[in-house]
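Source: prediction; values computed, not measured. To find a chain, count down the sequence lines: A is the first, B the second, and so on, and within it residues start at 1.
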Protein chains: 2
Amino acid sequence: MTAPDSTPPPNVPRACPITPVLDIVFSRWTTPILWTLHHHGRQRFVELNRNVGAITPKVLTQRLRQLERDGLVVRTYHPEVPPRVEYEISPLGLSLAPLFAALTDWSTSHLPAVERARTAFDSAGP
Amino acid sequence: MTAPDSTPPPNVPRACPITPVLDIVFSRWTTPILWTLHHHGRQRFVELNRNVGAITPKVLTQRLRQLERDGLVVRTYHPEVPPRVEYEISPLGLSLAPLFAALTDWSTSHLPAVERARTAFDSAGP
DNA sequence: CAGAATCCTTGAAGATACTG
DNA sequence: CAGTATCTTCAAGGATTCTG
């Protein structure tokens with residue numbers, strides 16, 4: 001409802017401005033990974049693999065690469081005899097903390113309403 | 001890094017507490033839909049279909065059903081000769097506004113850093 | 001240990017009709 | 001108009017195996 005639009009609407013109205021962020025922050029598995037790194041601190045690959053949940057090494061690697069590329073996670077390679085690799089949150093990754101906090105807040109205060117809406121909807125028209 | 005854990009770690013560490021919210025708020029197309037409803041106000045199905053972007057009626061219906069079931073969107077059916085259905089954001093849906101604002105803020109202040117991280121990463125190891 | 005390679009399955013999304 | 005009904009595609013995700 002704010003300003004009508006600086007670009008009237010030629011044809012494709014830019015859907016919504018936060019869409020690009022979603023691919024960065026809310027791709028599947030990224031929040032569990034960031035959460036685990038934030039709460040368990042620096043971890044090696046296998047630890048992470050255990051702590052995050054039911055994730056396979058392949059997918060974990062994919063997501064870690066993406067997070068590393070986006071600068072949210074720092075990967076440290078130690079060239080030792082069994083190789084050792086450690087992952088930790090970057091400052092940029094930590095900048096997401098207030099966002100996640102806001103999400104948690106919304107969850108605690110409004111998730112019950114969602115649950116109620118669901119049961120109401122489901123009991124209305126089976 | 002906060003408390004080590006009230007539940008030591010029996011086996012499955014609950015991945016991260018915001019995961020359930022993501023399915024509610026950040027399923028694909030939900031943010032463009034909510035955004036459009038928020039900025040263009042109450043709309044009928046076809047308007048919405050045009051305003052949201054490249055979405056097909058089928059998918060739009062699916063997402064609208066989900067949003068309605070979760071209580072984020074209100075659907076009003078007018079039994080007229082050509083049927084008329086209108087969609088609008090509910091108060092519960094509007095409660096997401098601060099969250100989206102936080103997301104927008106993070107985007108404006110940190111997206112450039114992500115871009116830089118990406119180019120740095122890409123130019124490092126081709 | 002930290003992945004890379006391979007194959008496979010699934011499910012969401014798109015395209016295209018059709019209907020009350 | 002506001003969807004529903006099918007059909008098809010396609011890529012993410014999972015399972016498994018292998019290696020520097």
Legend entry - side chain to side chain contact (heavy atoms under 4.5 Å, CB included) partner of Pro57(A), chosen from Leu48(A), Val46(A), Asn49(A): Asn49(A)
Legend entry - Partner of Leu34(B) by side chain to side chain contact (heavy atoms under 4.5 Å, CB included), out of Val73(B), Val52(B), Leu94(B): Val73(B)
Inset, instruction - Would you kindly give the CZ-to-P distance between Arg28(A) and dA12(C), to the nearest whole Å? - result: 9 Å
Inset, instruction - Round to the nearest Å and state the distance from Leu48(A) atom CG to dA2(C) atom P. - result: 10 Å
Inset, instruction - Please report, rounded to the nearest Å, how far the C1' atom of dA2(C) is from the CD1 atom of Ile55(A). - result: 14 Å
Inset, instruction - Compare the minimum distances between each of dG3(C), dC1(C), dC1(D) and the side chain of Pro83(B), then state the nucleotide with the smallest one. - result: dC1(D)
Legend entry - Arg50(B) CZ - dG3(D) P separation (whole Å): 15 Å
Legend entry - Residues within residues 67-80 of chain B bordering DNA chain C, heavy-atom distance below 4.0 Å: none
Inset, instruction - Would you kindly say whether Gln66(A) and Arg63(A) are connected by a side-chain donor-acceptor distance under 3.5 Å? - result: yes
Legend entry - Min side-chain heavy-atom separation Val85(B)-Arg75(B) under 4.5 Å: yes
Inset, instruction - Would you please confirm or rule out a distance under 4.0 Å between OP1 or OP2 of dA12(D) and any side-chain N or O of Arg63(A)? - result: no
Inset, instruction - Apply the test side-chain hydrogen bond (donor to acceptor under 3.5 Å, both in side chains) to residues Glu86(B) and His78(B): give CA-CA distance (whole Å), side-chain angles for both, the deciding distance (0.1 Å), then the verdict. - result: CA-CA 8 Å; Glu86(B) 291 184 315; His78(B) 304 267; 3.3 Å; yes
Inset, instruction - Report the distance from atom CD of Gln66(B) to atom C1' of dA13(C), rounded to the nearest whole Å. - result: 14 Å
Inset, instruction - Taking only the side-chain nitrogens and oxygens of Arg44(B), find out if one of them lies under 4.0 Å from OP1 or OP2 of dG3(D). - result: no
Inset, instruction - Write down the distance between CZ (Arg65(A)) and P (dA12(D)), rounded to a whole number of angstrom. - result: 17 Å
Inset, instruction - With sequence neighbours left out, write down each residue that passes ring-ring contact (aromatic ring centres under 6.0 Å, His included) with Phe26(B), or none if nothing qualifies. - result: Phe26(A)
Inset, instruction - Ignoring the backbone of Val85(A), work out which of dA2(C), dA15(C), dG13(D) is nearest its side chain. - result: dA2(C)
Inset, instruction - Grab the CD-C1' distance between Glu86(B) and dG3(D) for me, whole Å please. - result: 16 Å
Inset, instruction - Measure from CG on Asn49(A) to C1' on dA2(C) and round the result to the nearest Å. - result: 10 Å
Legend entry - Selected nucleotide, minimal atom distance to Pro57(B) side chain, candidates dC1(C), dG3(D), dG13(D): dG3(D)
Inset, instruction - Evaluate the side-chain proximity of Leu22(A) to Leu103(B): yes if any heavy-atom separation is below 4.5 Å, no if none is. - result: yes
Inset, instruction - Map Val46(B) and Lys58(B) onto DNA chain D by nearest heavy atom, then report which one ends up closer to the 5' terminus. - result: Val46(B)
Inset, instruction - Would you indicate, yes or no, if dG3(D) has its OP1 or OP2 atom less than 4.0 angstrom from a side-chain nitrogen or oxygen of Tyr87(B)? - result: yes
